[in-house]
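By convention in this document, chain letters (A, B, ...) are assigned in the order of the sequence lines, proteins followed by strands, and residues within each chain are numbered from 1.
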Amino acid sequence: MEYLKQLSIFIENKEGRIYNTLHILEDLKVNIRGLSMADTAEFGILRLIVADPVKVKEQLEERDYIAKLTEVIPVLIEDQPGGLNKILKILDDNNLNLEYLYAVALKNSDNAIVLLRLEEMDKGYKVLKENNAPIVDPEKIYSI
Amino acid sequence: MIWNEEKECMSLEDMQELQLKRLQDVVTRAFNEVPYYHKRYSEAEVYPEDIETLDDIEKLPFTTKTDLRASYPFGLFAVDQKEIVEIHTSSGTTGKPTVSGYTKEDLDTWGEVMARGLTMMGVDENDIIQNTHGYGLFTGGFGVHYGGQKIGATVIPISTGQTLRQIELMKDFGTTMLIFTPSYGLHIAEELEEMNIKPSDLNLKVIGFGSESWTDEMRTSIENKFDVPAYNIYGLTEVMGPGVAMECSEQNGLHLYEDHFYPEIIDPKTLKHIPEGQSGELVLTTLTRVGMPIIRFRTHDVTSIKHGKCGCGRTLAKMSKITGRTDDMLKIKGVSVFPSQIEKALLSIQGVEPHYQIILTRPNNLDKIEVKVEASPDIFFDNIKELVGIKEKLAEAIHDEIGLRVTVNLVEPKTIDRVDSGKAVRVIDKREE
């Protein structure tokens, strides 16, 4: 099972925190392929897709951030109404719970990639494979 | 073994008789010999002959650290300076240091009480005590030293620091007892681990620790790392030094040598005695000290005292572990809360670092407690539900400890000042604003 490594960063829900974090990444010349933010009133999780997540994790930790590498399943979806639902139906039919998802755009393409985080990752991966969902090779996303 | 069975196993009645006799004696001497006491007692219109029972001690004014400072340097000596054979002082970080002077008899008493404590911990003339408490103006080093020599043990007066040398001597000399502050002990343990030296490679059999606040978790950690029992030593420079009270094998409180130090527990607000067994501020009176009698000294340490026969056979008053300082006691919704309790609750959860801040507010006239805790990799998950779960778990642990509901918030690492930076603000009280 080839998962996509994503960077999850603990961030306080305070003015300027996302800006500061992205500013550091800019200084480090890190290009962000995908991004999503989950938040509560006080804190949140910034999730990033970057070319070299292991290295960026270390660089952020050196700057006192708490960062973790987590796994998501990248699936190609058709860029048209109902495209995402086809995938979600597979999960639903198989009683697989979705923790969260977000999309990344592909350059010069009619398709988009959706990143899925499931409660049961291995089982979900197998079910998606069996149902011919187009799982994307993570290497292709790191090198977008 | 019991070092001084006569005193340590005395009936309560006999003890009180002895205490009253000694109290009357010390108050008389203080009034006659020390201008400070003469002035204070005359102003309060209370005289030595007014002490007819032990409870009459409440008639006497308290002595505080401020009073000691005002008498700097030798104002509280009850004898000529030529009778004083040794002087120690407090660190003086918050002003002039307080001075403690000892006559030959006083040093003998100091050795006696420490000897009782070391014996209580199972140490005797066959033992080798490596004393990592500092030798100098600080009382820690010498207190242990005098006690160790009194029981005939071999004392290594190495002081704090030079950890590699400490470890070398521990191995080469076959040290059987280590004396340290909990934080230095944990540091030695870390070095041992790094050098891959196991407890079984050493000859240790017991640890005595003190002169710092500590938690049960710290003791457990020390006992696990060294694989020997660890006992607490309590004392304070103003009264004598280490050896005022020490823990026995039961590990559920400290025996206070009440034939030398008379303990009272007061409510720090009303300054009145509170019933035995209840928690309050410890007030100490030296009953036998010749060079510098200290009467009704407010320690600001919070504890409780009980009498009765201990599992170890002693009948001496038993003082609970110090739970906090009245200086940092908070009254929240009428309940006494110490930052140390909150710290204890936080540390009970795996992976939580002791970096926290307590913020008190009073919206709509109701006290509200917020506890900010720095997130750490161990308590960070890529899942909001789990992060909120951690917050609730921390709040629950604090509730179990202090009995009040709090709101816990996770903040980014290194955003709360460190204690060792000397400027950590543990509590922000915004209730009066």
Residue [X] excluded, over 12 heavy atoms near [atom1] under 6.0 Å:
| X | atom1 | result |
| --- | --- | --- |
| A:E15 | CD | no |
| A:Q80 | CD | yes |
| A:E2 | CD | no |
| B:K321 | NZ | yes |

Which atoms of [X] come close to chain B, meaning under 4.5 Å heavy atom to heavy atom: side chain ones, backbone ones, both, or neither?
| X | value |
| --- | --- |
| A:E12 | both |
| A:E71 | neither |
| A:N13 | neither |
| A:I11 | both |
| A:E61 | neither |

Derivation and outcome, side chain to side chain contact (heavy atoms under 4.5 Å, CB included), residues B:N383 and A:E99: CA-CA 8 Å; B:N383 182 320; A:E99 279 187 11; 3.3 Å; yes
Most chain A-contacting option - heavy-atom pairs closer than 4.5 Å, from B:V388, B:L410, B:L387: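 Max contact count across the listed options: B:L410.
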Give me the atom names and distance for the closest heavy-atom approach of [X] to [Y].
| X | Y | answer |
| --- | --- | --- |
| A:G44 | B:I384 | CA-CD1, 4.4 Å |
| B:P413 | A:I66 | CG-CG1, 3.3 Å |
| A:E42 | B:K391 | OE1-NZ, 2.9 Å |

Side chain to side chain contact (heavy atoms under 4.5 Å, CB included) between A:F43 and B:V411, intermediate numbers included: CA-CA 7 Å; A:F43 56 78; B:V411 298; over 6 Å; no
Derivation and outcome, side chain to side chain contact (heavy atoms under 4.5 Å, CB included), residues A:S8 and B:F381: CA-CA 8 Å; A:S8 304; B:F381 305 97; over 6 Å; no
Contact class of B:D382 relative to chain A, heavy atoms under 4.5 angstrom: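 Both parts, backbone and side chain.
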Salt-bridge contact A:R17-B:E412 (side-chain N to carboxylate O under 4.0 Å):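 Here A:R17 pairs with B:E412 in a salt bridge, since their nearest N and O are under 4.0 Å apart.
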